[in-house]
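Below is one structure, written out as structure tokens; the observations come after it.
Quick caveat: nothing in here was measured; it's all calculated off a predicted structure. Here is how names work: the chains are called A, B, and so on, in the same order as the sequence lines, proteins then strands, and each is numbered from 1.
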Amino acid sequence: MRDCTEIDLSKTLLDWYDRHAREMPWRIGPVDRAAGVMPDPYRVWLSEVMLQQTTVAAVRDYFIRFTTRWPTVKALAQAQDDQVMGEWAGLGYYARARNLLKCARVVAAEYDGQFPERYDELLTLPGVGPYTAAAIAAIAFDQSETVLDGNVERVMARLYDIHDPLPGSKPLLKEKAASLTPPLRPGDHAQAVMDLGATICTPKSPACGICPLYAPCLARAAGTQTELPQKTPKKPKPTRLGHIYIAQRRDGALLLERRPDKGLLGGMLGWPGSDWSDAPVENPPFPARWQEIPGEVRHTFTHFHLILRIWTTKLPDGFTPDDFVIMDKHQFKPSDLPTVMRKGFDLWRGQ
DNA sequence: TATGCGTGGGT
DNA sequence: TACCCAAGCAT
């Protein structure tokens, strides 16, 4: 049972959304939605997976390329793994791409290409967690589910002036968010809260002066909005070192490797190399006169900084070492590489 | 509950 | 520069 205040807040938010909703390739705007147009669940799912920990600006072009190449979940389910990994290259968190394919194949095979509509059933799909399941149920199927992402956490922490630190405060924030979720237009409501968090209730300098929730916001009243939400402090990132080896044949073909599915950059194409550590052990893919090229690659992952040295040599004709991939000049695309590997390629090509 | 997992943009 | 942050999930 909700009291009148939450209903009022929800209506205020929807009114604001009706006027200020952002346009996105995967979104059905409030006007079309009011006319009965519903989004394609495949596109909602794909966009939500891409948007996990990733900005709208970074996702837009990837989403267009994916949906152009694979317009339906059945089409995606039939794609080859390396084609999907290549198309995902540069977007990061590559386990998402592997789970994307798994999920597409489950939906194609077990659901005849129709996404399930219920939260708990969505939650069983690979790569679909509590946020994404709620987002799909609310946005694609207008079910009254509550999304809790970074935006919603921030908006709720401020609206209710909650100082308990994340992630411990998640249950409380979810409870607050649920109390605002309306029985009607839950999809628009979910997108409204997230739009508010992305454009008004921003992390650094929230635009409280133009916020539709200015009046009821407890943090704004207390002047604590920029301190919220509180987060437990992060650990410092160590710096690791490594070597990579780029070998090219006379005809231009390159020696690469497909990385194992588990772990960092799992399933992606990359250059053969050493381990990444304080004292990496040099580990060329075959014995040769390897030359170190000037400069280094610097890259930062989620939990460590990396400095890579680049070594190069000629790849002998007719040489096909086990556990490596030889890519012809015309089939190799730098854009198929994860960014750290593309940086290595760029440095090598530029010298 | 804590940790591993990418990348690019903003300040 | 060195953080912080972004529509989280799997283990």
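Expressed to the nearest 0.5 Å, how far NE2 of H305(A) lies from CG of L241(A) amounts to 12.5 Å.
Distance from the side chain of T55(A) is smallest for dA6(C) among the nucleotides dA6(C), dA10(C), dC5(C). Among dA6(C), dT7(B), dG8(C), the nucleotide with an atom closest to any side-chain atom of Q52(A) is dG8(C). Checked against dA6(C), dC5(B), dT7(B), the side chain of L264(A) finds its nearest nucleotide in dC5(B). For P203(A), whose side chain is taken as the heavy atoms from C-beta onward, the closest listed nucleotide among dC5(B), dC5(C), dT7(B) is dC5(C). Closest contact between the side chain of V340(A) and the listed nucleotides dA6(C), dT7(B), dC9(C) involves dT7(B).
Spacing between atom NE2 of H305(A) and atom P of dT1(C) amounts to 12 Å, rounded to whole angstrom units. As rounded to whole Å, 19 Å separates atom P of dC5(C) from atom CG of L51(A). One atom, OH of Y94(A), and another, C1' of dC9(C), lie 17 Å apart when rounded to the nearest Å. In this structure, L100(A) atom CG and dG8(C) atom P are separated by 16 Å, rounded to whole Å. Remark: P of dT1(B) and NZ of K170(A) are 11 Å apart, rounded to the nearest angstrom. Atoms OH (Y62(A)) and P (dG6(B)) sit 13 Å apart, rounded to a whole Å. Remark: P of dG9(B) and NE2 of H299(A) are 13 Å apart, rounded to the nearest angstrom. Computed from coordinates, the M85(A) CE to dG6(B) C1' distance equals 12 Å when rounded to whole Å.
Using a cut-off of 4.0 Å between Lys/Arg side-chain N and Asp/Glu carboxylate O, D15(A) and R19(A) are scored as not salt-bridged. A salt bridge does not link R258(A) to D81(A): none of the charged side-chain nitrogens sits closer than 4.0 Å to a carboxylate oxygen. Ion pairing between D112(A) and K74(A) holds under the 4.0 Å rule for side-chain N and carboxylate O.
For the P atoms, the distance from dT11(C) to dG6(B) is 14 Å, rounded to whole Å.
Side-chain atoms of Y93(A) come within donor-acceptor range of the base of dG6(B), with a qualifying N/O pair under 3.5 Å. Evaluation of atom-type donor-acceptor distances gives a pair under 3.5 Å for the side chain of T302(A) against the base of dG6(B).
When the side-chain nitrogen and oxygen atoms of H303(A) are compared with OP1 and OP2 of dT3(B), none of them lie within a distance under 4.0 Å. Note on R342(A): every side-chain N or O is 4.0 Å or more away from OP1 and OP2 of dT7(B). Taking 4.0 angstrom as the limit, Q53(A) places none of its side-chain polar atoms (N or O) nearer than this to OP1 or OP2 of dA6(C).
Residue M24(A) is in base contact, counting any heavy-atom pair closer than 4.0 Å across all strands shown. Across all strands shown, T339(A) has heavy atoms under 4.0 Å from sugar-phosphate atoms exclusively, and none from any base. Nucleic acid contact class of V59(A) (heavy atoms, under 4.0 Å, all strands): none. Within 4.0 Å of L91(A), counting heavy atoms only, lies at least one base atom of the nucleic acid. Across all strands, W88(A) comes closer than 4.0 Å to no nucleic acid atom at all (heavy-atom distances). Across all strands, T300(A) comes closer than 4.0 Å to base atoms (heavy-atom distances). No engagement by R98(A) is indicated, since no non-hydrogen atom pair under 4.0 Å with the nucleic acid exists. Residue contacts shown for P167(A) are absent, as no nucleic acid heavy atom lies under 4.0 Å away. Within 4.0 Å (heavy atoms only), V152(A) reaches no atom of the nucleic acid at all. Contact annotation for G266(A): no contact, since no heavy-atom pair falls under 4.0 Å across all strands.
Cation-pi geometry between R249(A) and F319(A) is not satisfied (NZ or CZ under 6.0 Å from the ring centre, within 45° of the ring normal).
Heavy-atom nearest nucleotides on DNA chain B were determined for L337(A) and for K204(A), and the one closer to the 5' end corresponds to L337(A). Judged by closest nucleotide on DNA chain C, R22(A) is the one of R22(A) and L123(A) placed further toward the 5' end.
Between C103(A) and L125(A), the closest heavy-atom pair is SG-CB, 3.7 Å.
Using modelled atom types and a 3.5 Å distance limit, the side chains of Y160(A) and E175(A) yield no donor-acceptor pair.
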